[in-house]
Every structure is written in C-alpha cells, then in structure tokens.
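Okay, structure first, notes after.
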Amino acid sequence: MAASSSSSLRIPAPTRHPAAGARPLRLPFHSVSVRPRRSPVSASASASPQQAPGPGDGDRANGRTGVPVPLPFSRDAAIALPRPLTSADLMGEASGEGLKVAYQGCPGAYSEAAAKKAYPSCETVPCEYFETAFQAVENWVADRAVLPLENSLGGSIHRNYDLLLRHRLHIVGEVRLAVRHCLLANRGVKIENLRSAMSHPQALAQCEQTLTKLGIEHREAVDDTAGAAKHIAEQNLQDTAAVASSLAAQLYGLDILAENIQDDADNVTRFMMLAREPIIPRTDKPFKTSIVFSLEEGPGQLFKALAVFALRKINLTKMESRPHKKRPLRVADDNSTPLKHFDYLFYVDFEASMADPNAQNALSNLKQEFATFLRVLGSYPTDVTEA
C-alpha cells in the first residue's frame, strides 16, 4: 500500500487499552484525501460587464481601474490550509498523544509496556509478527513501532536486525525496559502440578535455571509471552504455566505462582523506536548512531574499518555481524582450490550524533576507503532513564 501524505491521514483519538482478548490488528488501510472546497462565485458577479479575469489566478480586476482585487474570503478554503506547528505539538509527539504505536505480541506483552514507556499517551496496536509491525508503519496503519533489539541475558534478536535492512524505516529512539518474569497458571493450580512452561524462546532462556529448580522440565516456545498466558487461560490448562508479566496475569485472570523468576536480577531489554522519517540529530544531548556496512575480504579489513572511529575517539557501544543474505558466500581463488567464505554485514552502534562533524568525517572515511556498502539506520537520543 502506498503511503499517503501527512495531511491526508486522520488518526483517531487514543484509547485506554485494547481488550484483553483482542487479536493483533490486520485491517487494510484506506487513505482519506481532503479536498478543499472552492469558494462559490455568484452568477451576477460572473455576468457583470464591468468585471474581467485578472492577471493572476484567484484575482479579479476592477473594470474601471484595472487594479486586481482579491476574491472574497472563504472559510472553507481557510480551514483546508495547514496549521502552523506549535510547541504543544512537539510536546504531544514526545508523549505520544495521538500516535498509534505498533508492537509485536498480544496485549500484556513486554513490548507493549516498552511502547507505553516510550510514548505514554499513545494508542498501542498489537501485531502478530515483527514484520507486521514494520509493515504497519510503512503502510501508515501505525505511526511508530517499538520492537526489541537485544536483551542483557538472551542477547540480540537477530530477526529484527535482518528486518532493519529489508525495510526502509528509521530508528528515532531507544528505550530500555527492566523485565520481571512471573510464573502464571490457572486458578487452583500449584507449582507441584506443573510439567511444562510456555513462553517466548527468549523468556524461557532467561528463566532456564529457575524453571529447572522448580522441577519444570518441559519447555514450549510460542510467539510471545502474553500470547502464552492467553492460550493457557483460554484452554484452561492445568499442567502448564506461562512465563509472562504480572500485567498479563491481570488481563487473562491467572494466578502468579512465583515472581522475578529470571536467572539474573539485571534483566533488561533494549527496544528501538521506528518511524517513516528520521529525526533531526542534535549535539546538545547524548546521541547514539546505528549503522550497517560490509567490507572487502582480506586481512585487517575490519581492524582498519573500526580505526576510523578509534582515531577520532568515538566510542563503539555494540557490534553485531550477520551473514549477507543477498550474497551469502564469497569465493576466494588463490591459485589453489577455491574457498567459499561467508560474506558478512556488520551492525555497529556508536556514541555520537550525525550532527557532529567528527561522526560525519568518520563515516565519510569508512565509505570512501573501506566499505563496499554503508547505510545509516538512525541517529537518535540515548536512553538515560532508569530501566
């Protein structure tokens, strides 16, 4: 679906919270165009022998003097004109007022909590898959998406790294959320009755040792934590528990058998905030920039590429390599048996704003001297709040 202009999009007023049983939204998007009405012109005015078309569009000329006279004021035309941006609009953007924010999962998921932390006054839109959330923003069904990128225990969410490259959305912010897992079951079920635990693979990995100590040996992976709680409640399972949030317990009427069951108390997930357009980078506050690039094969190529940041004293906060799916293998022929190597993409985060000339010079150096491909995924404020 093609994206319509911002003037043609009508966003409904935000709601408190979708129903607990609501399914992820998959409605098609229909653009609504607003066409200003033309000002009516009376028949007597158009038939008057003393009036003739003026020299410019929208003007009429006085027959005796020839001086152009503007057309009468039209209230309909004035309403259709764009309204100047105010400081209140900018405050609404920060709080998410009037914004529809997509996340992956069912109501009660940690991603929804992250969306609410990023945009407290937003209307959240649950999506079935990560890619559905990307598509929702691209097709103007949602204004933003908040999706997980990495967890302090489980590591990176590789699927979203791949989707960042496949889609043309921009990272406009980050938000860190402390994850507090709970063991949820139907009313009357005891821990000793449980044989299986159901949740997202990352959540199961983060609670592996605790679940084993509780005697729960079997694991069942599903798409999201809240979806596991919903399934257990709907099916009235008596031997299976969900690893999910306390909010999911409230939404789906489950008992909390144990709290904070993650293996490490410092369990934090970093989420990215995505939009159709990038934000204007600044230098008056801490910023982070995310890029992806590829290099030629050869000894020291990665060392040389990273030196463009070290020589300018730019700190790297993260580096992730992923096989290049469009060019998965590279053949190296050194006059012997041809060798096949993986061709990699390197995802890097560094502490600098794209408004900083130092960062601009580093990326220019990287692109001109070493990189065979380079793309800036976003330059955005660093989350310095408590997780």
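The first residue in the sequence is number 1, and the count goes up from there. Keep in mind that the numbers below use all heavy atoms, side chains included, and drop hydrogens, waters and symmetry copies.
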Task: Closest approach of Ile232 to Asn186 (non-hydrogen atoms, all atoms of both residues) - done: O-ND2, 3.1 Å

Task: Hydrophobic cluster membership, Val137 vs Leu165, 4.5 Å side-chain cutoff - done: yes

- [ ] Could you tell me which non-hydrogen atom of Leu214 sits nearest to which non-hydrogen atom of Ile191, and how far apart they are?
- [x] O-CG2, 4.1 Å

- [ ] Say whether, by atom type as modelled, one donor and one acceptor occur between the side chain of Thr225 and the main chain of Ala109 under 3.5 angstrom.
- [x] no

- [ ] Establish, from distance only, whether the side-chain atoms of Glu277 and His170 form a donor-acceptor pair under 3.5 Å.
- [x] no

Task: Arg270 bridged to Glu150 by N-O distance under 4.0 Å - done: yes

TODO: State whether the side chain of Arg219 and the backbone N or O of Leu204 hold a donor-acceptor pair below 3.5 Å, judged by distance alone.
DONE: no

Task: N-O pairing of Arg159 and Glu131 below 4.0 Å - done: yes

Open item on the list: Tell me the closest heavy-atom pair linking Ala114 and Val175, and the distance in Å.
Closed with: O-CG1, 4.0 Å

Open item on the list: For the backbone of Phe287 and the side chain of Ser379, can you confirm whether one donor and one acceptor N or O come within less than 3.5 Å of each other?
Closed with: no

Open item on the list: Between the side chains of Arg187 and Asp255, is the shortest nitrogen-to-carboxylate-oxygen separation below 4.0 Å, so that they form an ion pair?
Closed with: yes

- [ ] Decide, yes or no, whether a salt bridge links Glu259 with Arg180 under the criterion of side-chain N to carboxylate O below 4.0 Å.
- [x] no

TODO: Using only heavy-atom distances, determine whether the side chains of Gln206 and Asn151 contain a donor-acceptor pair under 3.5 Å.
DONE: yes

Open item on the list: Quick one: does any side-chain atom of Asn365 pair with a main-chain N or O of Val308 as donor and acceptor, under 3.5 Å?
Closed with: no

TODO: Might you point out which heavy atoms bring Ala359 and Ser353 nearest each other, and give the distance in Å?
DONE: CB-O, 3.4 Å

Open item on the list: Looking only at the side chains, is there a donor atom on one of Gln104 and Ser111 sitting less than 3.5 Å from an acceptor on the other?
Closed with: no

Open item on the list: Quick one, Phe373 with Phe293, criterion ring pair (Phe, Tyr, Trp, His ring centres under 6.0 Å). Give me CA distance, side-chain angles, the key distance, then yes/no.
Closed with: CA-CA 5 Å; Phe373 164 79; Phe293 61 90; 9.2 Å; no

Open item on the list: By the definition side chain to side chain contact (heavy atoms under 4.5 Å, CB included), identify the one residue from Leu163, Leu274, Leu147 that meets it with Leu169.
Closed with: Leu274

Task: Rounded distance (nearest 0.5 Å) linking atom CG of Leu211 with atom NZ of Lys213 - done: 11.0 Å

TODO: Assess the side chains of Ser290 and Asp349: does a donor N or O sit below 3.5 Å from an acceptor N or O?
DONE: yes

Task: Distance flag, aromatic centroids of Phe130 and His167, threshold under 6.0 Å - done: no

Open item on the list: Run the side-chain hydrogen bond (donor to acceptor under 3.5 Å, both in side chains) test on His181 and Tyr110 for me, step by step, so that the C-alpha distance in whole Å, both residues' side-chain angles and the decisive distance to 0.1 Å come before the verdict.
Closed with: CA-CA 10 Å; His181 290 307; Tyr110 292 107; 3.1 Å; yes

TODO: Assess the side chains of Glu351 and Asn315: does a donor N or O sit below 3.5 Å from an acceptor N or O?
DONE: yes

Task: From CG (Leu149) to CG (Leu164), nearest 0.5 Å - done: 6.5 Å

Open item on the list: What's the separation between atom CG in Asp224 and atom SG in Cys106, rounded to the nearest 0.5 Å?
Closed with: 4.5 Å

Task: Gln209 atom CD, neighbour heavy-atom count above 12 within 6.0 Å - done: no

Open item on the list: Against Ser364, only a single residue in Lys367, Gln360, Gln368 fulfils side-chain hydrogen bond (donor to acceptor under 3.5 Å, both in side chains); can you say which?
Closed with: Gln368

TODO: Taking the side chain as every heavy atom from C-beta outward, state whether His231 and Glu220 have any atom pair closer than 4.5 Å.
DONE: no

Task: CG on Asn361 to CG on Leu366, rounded to 0.5 Å - done: 12.5 Å

Task: Other residues, nucleotides, ligands: >12 heavy atoms within 6.0 Å of Lys318 NZ - done: yes

TODO: Measure the spacing between CG of Leu302 and OG of Ser321 and express it to the nearest 0.5 Å.
DONE: 9.0 Å

Task: Euclidean distance, Arg195 CZ relative to Leu237 CG, rounded to 0.5 Å - done: 11.0 Å

Task: Side-chain (Tyr347) to main-chain (Tyr161) donor-acceptor, under 3.5 angstrom - done: yes

TODO: Looking only at non-hydrogen atoms, find the nearest pair between Thr289 and Ala352 and report the distance.
DONE: OG1-O, 2.6 Å

Open item on the list: Using modelled atom types and a 3.5 Å cut-off, is there a donor and acceptor pairing between side-chain atoms of Thr212 and backbone atoms of Glu208?
Closed with: yes

Open item on the list: Quick check: closest heavy atoms across Pro381 and Glu174, and the distance to 0.1 Å?
Closed with: O-CG, 3.9 Å

